[in-house]
Structures are given as C-alpha cells and as structure tokens.
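I have placed the structure first, in the form of structure tokens, so that the comments after it can refer back to it.
Chain letters run A, B, ... following the sequence lines, proteins first, then strands; residues in each count from 1.
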Number of protein chains: 2
Amino acid sequence: MKETIFFIKQLQEKGLKITPQRQEIIRVFLESKNNHLSAEDVHNQIAEKFPSMSLDTVYRNLSVMQQLGILTELNFGERKNLFEINSSQHHHHLVCTKCGVSEEIDFCPLEFLDADKVKNFKVKKHSFEIFGICANCME
Amino acid sequence: MKETIFFIKQLQEKGLKITPQRQEIIRVFLESKNNHLSAEDVHNQIAEKFPSMSLDTVYRNLSVMQQLGILTELNFGERKNLFEINSSQHHHHLVCTKCGVSEEIDFCPLEFLDADKVKNFKVKKHSFEIFGICANCME
DNA sequence: CTAAGTGCAAAACTTTTGCAGGCGA
DNA sequence: TCGCCTGCAAAAGTTTTGCACTTAG
C-alpha cells in the first residue's frame, strides 16, 4: 500500500527505527474501518497476526507518533484516549452519545475564525466535535 | 453570593439534597480563578476548609452535576478530566500547551455551521478548543 | 557495534463501586 | 422516619516506568 510507505518514511525522517511493531500500528490505522482507535483497540487488532506484541509497546508508540504529528489524540470524554491517523485532510465529527458512532463532518471552524481573535497566540492545533443523537438512535 | 443560590436552587429543583459537600463544590467553582478544575483540584481546594470531605464524594457529585447540566466535562487531552461550571454563556478556549493556561475566546463555531451539515442528527452539545502557545510562553 | 526499541512485571494514577452508617427534607 | 448521601476501603481500568534483552541501522 502506497499510503503505508508514506507514513513509514515519516518515521524514518524523524530518526525513528522502522520496527515490525511500528509497521503493524500504522497498518491497523490504515486498514481499520473505524478511524478512532484506543491503545487497546490497536493491540487487539494486531494480536491476531502478531500475538507477542505487548500493549506497552502500543502505548509507547502511540505516544511517540503523536508527538511527531503522525497521529492525533482525540478526546470524546470517554475514559480511554482515542487516536486518529493524520491523513492530508483533517476533519471533525458528529459523535453519537448513545451508540458511540462518529461520522465525519465537512466543516472546519478555523475557516470562520477571525485572525484578530487569536492575536498573540500561536495556533498549533484545534478540536471541534459535535455530540448528540444520531439518526439510528433517534427512532 | 447570589450566583451560589442560583446553582443550589438547580440542585433542589432536580430533587437532589443540598448537602454541605455539594455547596462546597459549587463554591469552589465560583470562587476559583481557574475555570477548569479536576476532581482532585476541587478536593484540594475544599480540603483547607473541610478536611473530612472525601475525594469519592467529589467524583460522585461532579458526575451527578454534569448529568444535570450544572457542570460541563472538558477534555483537553490530559489524563485528568476537567470540569467547568455552566454560566449562562458558554464559551470556548485558547489553551496553551506549554503552561496550561486557558483563555476564553469570543467565538462559537455553531453560529457558522450550516444546518444542512447536521441534518438527521440531534445536536446536544459541542466542543471547540484551540491549542497552541500563548504570548507569555512565546518569548 | 550501539543506541533505540521491546517485553515483562510492577507501579502509578484516576475513577468506580459495595457497604454500613449519617443526615437532609 | 425514609431514602438519599457520605466516608471508608477496596477494586477496576488505563497508562507509565524500570530493567534486562533484542534488534534495526
């Protein structure tokens, strides 16, 4: 997969070693249907193919990759932290508080934010999430 | 304080008992300079005046008050969950990732969000936070 | 070869829960 | 008085850390 190589090169450029464990983590994020994965999710999905890999390693690498900007840490107010791989386009979500499903939304508030409002502040990243009840749960 | 009474009445209306512990929690939120407090923060600030109050009670009440809409749970990606008391106006924040200080911003993305984008979704609440480096830390 | 990375085990931390007694309405 | 609330203690669950061994470059 071409995209996999793109992320692996990012590791390389930042001076990180390319271990099988790290490749597996990237693979899981790219192949998973769900964009938002917890450390445990990642570990479970890897376990099928690679049972010896420890959860500790997942934690350590999610943390490293997040610092490098390969992953973004999300926080929907649950106990577990969720991570998302940074595709070229970032996006925000509608999160159903009943069933937990999240859907991407094509809207970014930063486009509407007047630069004056963030004067004297160097914006690095932002979060915008909408919580509510999805169509399925509404019935 | 008039505002205190407002929040205490909310407890009453929802059928909750007005215990000294609950009054203390509300007081801390109203008196604290920092709008965003973790369970431990609240507990520490109460400890000075009321050392016998347990952290468990803080947790239980933050949870209850959040369900009643008296408090909002925030999540800036730290380990601890933070809570904020709901004044009449909600607001969003600039959060400095260096020093942790957060500043309110006078902008709400929902005002700019086309209703079409959230069709078939019942919006209950939302989060919008901007992370970066504040003026102080920039020097 | 050697620094970075990993697995194991244990610890650290935050949050939740069961239970018996206490207290507000 | 009655049922909600609290404190205590213990458990549960997630994330971090120390250490010795392994491995990518």
Side-chain angles (χ1 to χ4, degrees), chain A residues 5 7-28 36-47 49-68 70-83 100, chain B residues 5 7-28 36-47 49-68 70-83 100:
Chain A
I5 296 170
F7 287 109
I8 289 183
K9 276 199 175 149
Q10 287 196 37
L11 286 180
Q12 224 162 16
E13 283 167 17
K14 318 259 182 169
L16 295 183
K17 292 186 176 170
I18 301 173
T19 63
Q21 291 88 339
R22 284 178 178 157
Q23 293 184 59
E24 278 299 294
I25 291 175
I26 289 173
R27 183 188 60 75
V28 166
H36 308 141
L37 301 174
S38 68
E40 205 188 354
D41 294 337
V42 172
H43 185 242
N44 286 342
Q45 292 198 37
I46 291 176
K49 296 197 179 181
F50 200 158
S52 69
M53 180 163 166
S54 79
L55 183 56
D56 322 50
T57 299
V58 176
Y59 272 112
R60 271 189 279 233
N61 282 315
L62 293 182
S63 173
V64 170
M65 291 182 185
Q66 198 232 158
Q67 283 166 42
L68 297 187
I70 295 174
L71 300 176
T72 298
E73 190 173 350
L74 302 170
N75 240 309
F76 294 167
E78 288 147 36
R79 183 97 164 255
K80 291 184 184 182
N81 292 338
L82 300 179
F83 292 82
Chain B
I5 295 170
F7 287 108
I8 289 181
K9 275 198 176 152
Q10 288 196 38
L11 286 179
Q12 224 163 16
E13 282 166 18
K14 318 261 182 168
L16 295 183
K17 292 188 176 167
I18 301 174
T19 63
Q21 291 89 338
R22 285 177 177 158
Q23 294 183 59
E24 279 297 296
I25 291 176
I26 290 173
R27 182 187 62 74
V28 166
H36 309 141
L37 301 173
S38 68
E40 204 188 355
D41 293 337
V42 172
H43 185 243
N44 286 341
Q45 292 197 37
I46 290 175
K49 294 195 179 182
F50 200 156
S52 70
M53 181 164 167
S54 80
L55 182 57
D56 322 51
T57 300
V58 176
Y59 273 112
R60 272 189 277 233
N61 282 314
L62 292 182
S63 173
V64 169
M65 290 181 186
Q66 198 231 157
Q67 283 166 43
L68 297 188
I70 296 174
L71 300 176
T72 298
E73 191 173 347
L74 302 171
N75 240 309
F76 294 165
E78 288 147 35
R79 181 96 166 258
K80 293 183 182 182
N81 291 338
L82 299 180
F83 292 81

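The OH-P distance, from Tyr59(B) to dC13(C), rounds to 12 Å in whole Å. In this structure, Leu37(B) places its CG atom 13 Å from P of dT15(C), rounding to the nearest Å. Regarding Leu16(A), its CG atom lies at a distance of 10 Å from the P atom of dA4(C), rounded to whole Å. Atoms CD1 (Ile46(A)) and C1' (dT6(C)) sit 13 Å apart, rounded to a whole Å. Atom pair Asn81(A):CG and dC13(C):C1' shows a separation of 13 Å (rounding to whole Å applied). Summarising the geometry, the separation between NE2 on His43(A) and C1' on dG7(C) is reported as 10 Å, rounded to the nearest angstrom. Atom P of nucleotide dG5(C) and atom CD of Gln23(A) are separated by 14 Å, given to the nearest angstrom. As a whole-Å value, the separation of Asp56(B) CG from dC19(C) P is 16 Å.
Glu40(B) and Lys80(B) are joined by a salt bridge, as a carboxylate oxygen and a charged side-chain nitrogen come within less than 4.0 angstrom of each other.
Considering only heavy atoms from C-beta on, Phe83(A) stays 4.5 Å or farther from Thr72(A) through its side chain. Asp41(A) is not listed as a side-chain neighbour of His36(A), based on a closest heavy-atom distance of 4.5 Å or more.
When heavy atoms are screened at a 4.0 angstrom cut-off, Lys80(A) is found touching the sugar-phosphate backbone but no base atom. Using a 4.0 Å heavy-atom cutoff across all strands shown, Ser52(A) reaches sugar-phosphate atoms only and no base atom.
Note on Gln21(A): a side-chain N or O is less than 4.0 Å away from OP1 or OP2 of dG7(C).
Note that the OG atom of Ser38(A) and the CG atom of Asn44(A) stand 7.5 Å from one another [nearest 0.5 Å]. Of the inter-residue distances, the one linking Leu16(A) atom CG with Arg22(A) atom CZ reads 5.0 Å to the nearest 0.5 angstrom. Once rounded to the nearest 0.5 Å, the distance linking CD1 of Ile26(B) with CD of Gln10(B) reads 8.0 Å.
Between the side chain of Arg60(A) and the base of dG7(C) there is at least one donor-acceptor pair of N/O atoms closer than 3.5 Å.
Among the nucleotides dT6(C), dT14(C), dG5(C), the one closest to the side chain of Thr57(A) is dT6(C).
In the 5' to 3' direction, nucleotides of DNA chain D lying under 4.0 Å from heavy atoms of chain A begin and end at dA12(D) to dG25(D).
Glu73(B) and Gln66(B) make their closest contact through OE1-NE2, 3.4 Å (heavy atoms, listed as atom of the first residue, atom of the second, distance).
The residue among Ala39(B) and Ile18(B) whose nearest nucleotide of DNA chain C lies closer to the 5′ end is Ala39(B).
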